[in-house]
Amino acid sequence: MTAIPKTPHVAVVGGGWAGCTAALTLAEAGVAVTLFEAGRTLGGRARAVELAGRTLDNGQHILLGAYEQCLQLIGNLQSADAPDGLWRLPLALRQPPDFSLACPALPAPLHLLAGLLNAHGLSWREKLVAARWAHTLMNDRADTPAHLSVSELTREQPERVSRLLWHPLCVSALNTPPQAASARVFRDVIRAAFGASRAHSDMLLPRRDLTALLPATAAARVRELGGEVRLACRVSAIEPTAEGVTLATRDAAVPFSHAIVAVAPQHLAALAAPVAELRPLADQLAGYRYEPIATAYVQYDPAFRLSEPVFALADGPAQFVFDRGRSHGQAGLLAFVASAAARLPANWLDAAEAQLRRIADPGPASWRKAIVEKQATYACVPGLPRPAVSTAHPRVFLAGDYTAGPYPATLESATQSGVQSARALLQSL
């Protein structure tokens, strides 16, 4: 076997947003890095897919203005001659004909309070109760009990406010039903979005496919800096050695000084089984549950377009519909999203189209395709233990949206984790 290199050479296992960010951070610090991705496309659970001869995504994502790490990385990697990769929109939740909320251009958190007081579809009493509750949530420094669910947190809110506002926000942000979702994490999301800067609550819609938005450009930069990116190269195990770690692939056993494991938590146990120090961590992650996200792409007449880029949907399986013609130039193509989709009916796409027809009549569909990510995110339940990026093994680090941080499983938590993991490794050298 080739000897472990005396100078650091780091393996990053997993080419999702966390792994690509970790590899980029190391390469920019001058450390030799090799990124391994089992598939042929970078991005992990937020990647481009090819369907019916067109480039789509395996799920429709919204970024928030509060996602500062993610937005900084995307901005830094964007070339001067490339079109803007993100479309920034002031927060507006429009659910015709029942409800709409738009936040005006006021300092935070006044923009949310004003938006609530001017919301359509709520009584004055409901508006005042909601505004008072939101103000308390963002300013009360008392810690939210770890065992509390979002349903319990909002139990004193009027039923219509929870049904039209707080619970849909919970499902879209945490991908977990409100009766099972962590109130503490939901509070942190609300505070981050509405408590500091008005721009933090902005919605940012990708204008390019998710792989092109960050993973592909990060990998290209890693290569420019002398690093290596190996696609379609599955790592089956990580084995500790006296001076580092060895990665087992289909073709060889490859030695490295360190490894950052950036796979989804459900895949970590098998990968790290030979590392005794990681077995307690694997046992901890074995208790995680997962929630699916379903995305359906439906092609209508190319002349059709929604009056807004995105609408919330009521009384059905889908929570949102996005106009890909307005964001991606894919005329007449809509994306329906159903989060926390464990109990979707077989005819859910028919039901989602019926939800849409309460807003607009797009005519008949010419093409439909549903994608279900069965383990899209971990269930963000109360008291869920989330590991640090440093592990009990001094040469093995973690990166992923499940590691300790203020956000649930989002692109921001993935990129934050990638940067933090790389920095922790650099500090150990």
Side-chain angles (χ1 to χ4, degrees), residues 60 62 64 89-104 111-135 137 150-151 153-179 181 186 189-190 193-194 201-203 205 293-296 298 300 304-323 326 334-341 343-345 347-363 365:
Q60 179 73 48
I62 297 178
L64 290 178
L89 302 167
L91 178 68
L93 297 175
R94 295 186 173 89
Q95 189 185 94
D98 301 317
F99 177 73
S100 66
L101 179 149
C103 292
H111 69 316
L112 173 60
L113 303 181
L116 287 168
L117 293 176
N118 288 286
H120 168 77
L122 301 178
S123 70
W124 269 108
R125 175 187 172 277
E126 289 168 335
K127 294 176 183 181
L128 290 170
V129 171
R132 187 180 301 116
W133 182 83
H135 183 268
L137 186 72
V150 171
S151 289
L153 180 70
T154 58
R155 63 183 177 272
E156 295 181 0
Q157 287 286 282
E159 183 277 336
R160 186 160 48 175
V161 174
S162 290
R163 175 169 52 85
L164 295 175
L165 178 59
W166 304 127
H167 290 179
L169 285 177
C170 166
V171 171
S172 61
L174 277 63
N175 193 37
T176 306
Q179 64 270 21
F186 181 67
V189 171
I190 295 296
F194 298 106
S201 63
D202 286 349
M203 300 186 301
L205 302 182
I293 297 177
T295 302
V298 182
Y300 298 103
F304 173 78
R305 59 185 286 166
L306 293 175
S307 59
E308 300 288 341
V310 56
F311 278 107
L313 297 174
D315 302 326
Q319 291 87 39
F320 291 96
V321 60
F322 296 82
D323 190 335
R326 293 172 65 96
L334 302 188
F336 296 86
V337 177
S339 298
R343 294 177 177 83
L344 276 183
N347 68 337
W348 82 272
L349 188 43
D350 293 332
E353 287 198 85
Q355 290 176 276
L356 170 65
R357 288 189 171 90
R358 299 182 66 196
I359 299 171
D361 184 4

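Heavy-atom basis, side chains included; hydrogens, waters and symmetry copies ignored.
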Worksheet entry | Donor-acceptor contact below 3.5 Å, side chain Gln95 vs main chain Leu164 | no

Practice prompt. For Arg357 and Gly363, indicate whether the former's side chain and the latter's backbone hold a donor-acceptor pair under 3.5 Å.
Written response: yes

Worksheet item: How are the rings of Phe304 and Tyr300 set to each other: parallel, tilted or perpendicular (split at 30° and 60°)?
Response: perpendicular

Worksheet item: Any side-chain donor paired with an acceptor under 3.5 Å for Trp166 and Gln157?
Response: yes

Worksheet entry | Close side-chain approach of Leu112 to Leu91, heavy-atom, < 4.5 Å | no

Worksheet item: Donor-acceptor pair, Thr176 side chain versus Ala181 backbone, under 3.5 Å?
Response: no

Discussion item. For a quick test of reading the model, state the closest non-hydrogen atom pair linking Pro158 to Arg125 and the distance between them.
Written reply: CG-NH1, 3.8 Å

Discussion item. Taking Ala119's backbone N and O only, do any of them form a donor-acceptor pair with Lys127's side chain (distance below 3.5 Å, no angle check)?
Written reply: yes

Worksheet entry | Exercise: identify the closest heavy-atom pair between Arg160 and Leu122 | CG-CD2, 4.1 Å

Worksheet item: Are any non-hydrogen side-chain atoms of Val161 and Leu116 less than 4.5 angstrom apart?
Response: no

Fill in: Arg305 backbone acceptor or donor facing Asp323 side chain under 3.5 Å
no

Item to complete: Report yes if some heavy atom in the side chain of Trp133 is under 4.5 Å from a heavy atom in the side chain of Leu153; otherwise report no.
Response: yes

Item to complete: Give a yes or no on whether the backbone of Ala318 and the side-chain of Gln355 come within a donor-acceptor separation of less than 3.5 Å.
Response: yes

